[in-house]
Amino acid sequence: MKRLYFIGIFALLTITTIFIWSKSYYAQQEEAYVQLAVEKGVALIPSEKGVFERSEFANDYGTMRDDYKGGRTLETYYDNRAFHGAPPSIPHPIVNELTMGDKSCLKCHENGGYVAKFKAFTPVVPHPEKVNCRQCHVPQKTKGLFRPTNGKGFPTPSINNEAFVGGPPVIPHQIQLHENCLACHAGPSAPVEIRVLHPERSNCRQCHVLNNKEMTDIGDFIR
Ligand code: HEC
Ligand code: HEC
Ligand code: HEC
Ligand code: HEC
């Protein structure tokens with residue numbers, strides 16, 4: 001009886017040894033791999049990510065700039081706005097009166113370009129995600145005033161405020177609705193005074209800081 005018992009234990013131990021050994025033998029033969037951490041994407045600061053929205057076109061803007069020196073000025077830019085920050089009116093006919101916007105506007109305004117029938121470069125929309133364009137932009141019915149006025153109008157932010165010659169000018173306007181810098185500042189549709197000479201320096205706000213108070217001359221800044 002005792003002998004049978006020992007033979008049983010011996011057989012069990014042998015089987016277990018073979019089992020464990022073969023498991024580890026086959027495990028050795030598997031290819032090694034390192035489990036990669038799942039990518040979660042880069043956390044972006046919502047108010048700052050717009051800065052890069054059109055940076056993929058930066059080099060194209062650079063060549064466009066060399067090809068084209070003309071274009072509208074800040075004065076004509078403001079002719080089409082009731083005041084600084086107001087939505088500009090639509091200065092051209094709309095093909096389909098029933099459209100609210102979206103693709104029928106974005107086909108031209110998403111990336112801009114020359115339109116022969118309007119004899120102008122299309123301003124690039126800084127907010128292509130707001131698809132109901134005509135909620136805010138109304139067609140221009142007349143270029144005249146309803147009633148003549150001698151009011152002076154609202155002041156517009158002044159440009160060329162830099163701390164020293166050759167320094168980066170401050171951003172004279174708010175950032176809200178102005179996140180997408182290159183849409184307004186680059187390419188042939190940008191007003192000539194503010195058409196940026198360095199569209200390829202993508203991180204605009206690295207060098208250009210916000211102006212917290214409207215400066216009229218550099219003396220204000222030093223005081
Ligand atoms: C065929 C191309 C084309 C289509 C389609 C088009 N636009 Fe335009 N848009 C232009 C061009 C070109 C200009 C510049 C006109 C000028 O400077 O005289 C312009 C100017 C504008 C402006 C004035 C921008 C400024 O900075 O003063 C607004 C606003 C505008 N369009 C809105 C719209 C809306 C809204 C739609 C859709 C209902 C639309 N556009 C469809 C080509 C187009
Ligand atoms: C919620 C209101 C609103 C909607 C919707 C909207 N816009 Fe605007 N848009 C504005 C305002 C306000 C400005 C003026 C921004 C400024 O100068 O501060 C503007 C400016 C513009 C400009 C001129 C950019 C420049 O150079 O100053 C164009 C072009 C334009 N919008 C086209 C469009 C198109 C095309 C759509 C539809 C895809 C659209 N907008 C939807 C409010 C809106
Ligand atoms: C909706 C169009 C628009 C957008 C978007 C926009 N700007 Fe401007 N920017 C202007 C206009 C117009 C001026 C001229 C002053 C004025 O009228 O506000 C200007 C002026 C400036 C100036 C002063 C230039 C000088 O010569 O003194 C700087 C710097 C500037 N912007 C930087 C930026 C940066 C950085 C961004 C992105 C965070 C930006 N802008 C987005 C329209 C825009
Ligand atoms: C590395 C720093 C730096 C970065 C990044 C930068 N700028 Fe500038 N920017 C400057 C300096 C410096 C000047 C003054 C240029 C001069 O006087 O030669 C300037 C001038 C300007 C002007 C006045 C017109 C001109 O070109 O002289 C505008 C508008 C402007 N920058 C917009 C922008 C925009 C939009 C971006 C992002 C695409 C940007 N900047 C990125 C340093 C920078």
Side-chain angles (χ1 to χ4, degrees), residues 45-59 61-62 65 71-92 94 99-113 115 118 120-139 153-211 214-215 218:
I45 306 170
S47 62
E48 296 202 356
K49 80 178 210 300
V51 171
F52 304 106
E53 207 154 298
R54 297 187 66 77
S55 50
E56 61 186 292
F57 305 112
N59 290 333
Y61 278 133
R65 186 198 61 216
R72 57 179 180 163
T73 59
L74 271 181
E75 198 183 329
T76 44
Y77 176 92
Y78 274 112
D79 278 349
N80 194 25
R81 287 152 172 79
F83 50 87
H84 164 72
S89 63
I90 309 172
H92 55 68
I94 297 167
T99 181
M100 267 311 280
D102 202 8
K103 290 201 183 63
S104 61
C105 309
L106 289 176
K107 69 182 173 198
C108 292
H109 283 281
E110 184 153 30
N111 288 313
V115 179
F118 302 155
F121 282 95
T122 319
V124 176
V125 51
H127 37 255
E129 71 291 348
K130 298 193 186 349
V131 291
N132 283 341
C133 316
R134 297 185 59 197
Q135 176 194 345
C136 305
H137 296 282
V138 294
F154 296 102
T156 55
S158 56
I159 58 170
N160 299 327
N161 291 315
E162 51 258 323
F164 51 88
V165 178
V170 292
I171 308 175
H173 51 68
Q174 59 170 19
I175 296 294
Q176 193 182 22
L177 265 176
H178 283 79
E179 294 91 347
N180 186 350
C181 318
L182 287 173
C184 296
H185 281 282
S189 64
V192 282
E193 296 93 330
I194 58 160
R195 196 176 301 156
V196 62
L197 298 176
H198 41 260
E200 71 291 344
R201 295 183 198 162
S202 308
N203 195 0
C204 316
R205 293 182 61 191
Q206 178 193 352
C207 303
H208 294 280
V209 293
L210 264 177
N211 184 17
E214 174 60 12
M215 292 186 291
I218 199 69

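For the numbers below, each heavy atom of this structure counts, side chains included, while hydrogens, waters and symmetry mates do not. Note that the numbering runs from 1 along the sequence shown for the chain. Numbering of ligands and ligand atoms starts at 1, following listing order.
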Checklist entry - Do any heavy atoms of Leu182 fall under 4.0 Å from ligand 3? => result no
Item to check | Heavy-atom closest pair, residues Arg134 and Pro139 | outcome: NH2-CG, 4.0 Å
Next on the checklist: I need the atoms of ligand 4 closer than 4.0 Å to a non-hydrogen atom of Gly166, numbered in the order shown.
Outcome noted: 12 (C), 14 (C), 17 (O)
Next on the checklist: List ligand 3 atoms under 4.0 Å from Ile159, heavy atoms only on the residue side.
Outcome noted: 14 (C), 15 (C), 25 (C), 26 (O), 27 (O)
Item to check | Exceeds 12 heavy-atom contacts within 6.0 angstrom, atom CG of Asp79 | outcome: yes
Checklist entry - Taking the inter-plane angle between the rings of His92 and His109 on a 0 to 90° scale, is it parallel (under 30°), tilted (30 to 60°) or perpendicular (over 60°)? => result parallel
Checklist outcome for this item: So OH of Tyr61 and OG of Ser55: to nearest 0.5 Å the spacing works out to 10.5 Å
Item to check | Interatomic distance, Asn160 atom CG to Glu193 atom CD [nearest 0.5 angstrom] | outcome: 9.0 Å
Item to check | CD (Glu129) with more than 12 external heavy atoms under 6.0 Å | outcome: yes
I'd like a table of the close N/O pairs between ligand 2 and the protein (anything under 3.5 Å), one pair per line with both atom names and the distance.
unit_1	atom_1	unit_2	atom_2	d
ligand 2	7 (N)	His127	NE2	2.8
ligand 2	7 (N)	His137	NE2	2.8
ligand 2	9 (N)	His127	NE2	3.0
ligand 2	9 (N)	His137	NE2	2.9
ligand 2	18 (O)	His178	NE2	3.1
ligand 2	27 (O)	Tyr77	OH	2.7
ligand 2	27 (O)	Arg81	NH2	2.8
ligand 2	31 (N)	His127	NE2	3.0
ligand 2	31 (N)	His137	NE2	2.8
ligand 2	40 (N)	His127	NE2	2.8
ligand 2	40 (N)	His137	NE2	2.8

Checklist outcome for this item: A student checking ligand 3 against Glu179 at a 4.0 Å heavy-atom cut-off should list atoms 37 (C), 38 (C)
Checklist entry - Quick one: which of Pro88, Cys105, Ser89 gives a side-chain contact (heavy atoms from CB on, under 4.5 Å) with His137? => result Pro88
Item to check | Pro128 versus Val125, closest heavy-atom pair with distance | outcome: CD-O, 3.6 Å
Checklist entry - Atoms of ligand 3 less than 4.0 Å from Asn160 heavy atoms? => result 25 (C), 26 (O), 27 (O)
Item to check | With Tyr77, the side-chain contact (heavy atoms from CB on, under 4.5 Å) member among Ser189, Pro123, Pro191 | outcome: Pro191
Checklist outcome for this item: Taking only non-hydrogen atoms of Cys181 and a 4.0 Å limit, the atoms of ligand 3 in range are 34 (C), 35 (C), 36 (C), 37 (C), 38 (C), 39 (C), 41 (C)
Next on the checklist: On a heavy-atom basis, which atom in Leu182 and which in Arg54 lie closest, and how many Å separate them?
Outcome noted: CD1-O, 3.6 Å
Checklist entry - How far apart are the closest heavy atoms of Pro169 and His208, and which atoms are they? => result O-ND1, 2.7 Å
Item to check | Which atom of Leu210 lies closest to which atom of Arg205, heavy atoms considered | outcome: CD1-NH2, 4.4 Å
Checklist outcome for this item: Total protein N/O/S atoms sitting under 2.8 Å from atom 8 (Fe) of ligand 4, waters ignored, is 2
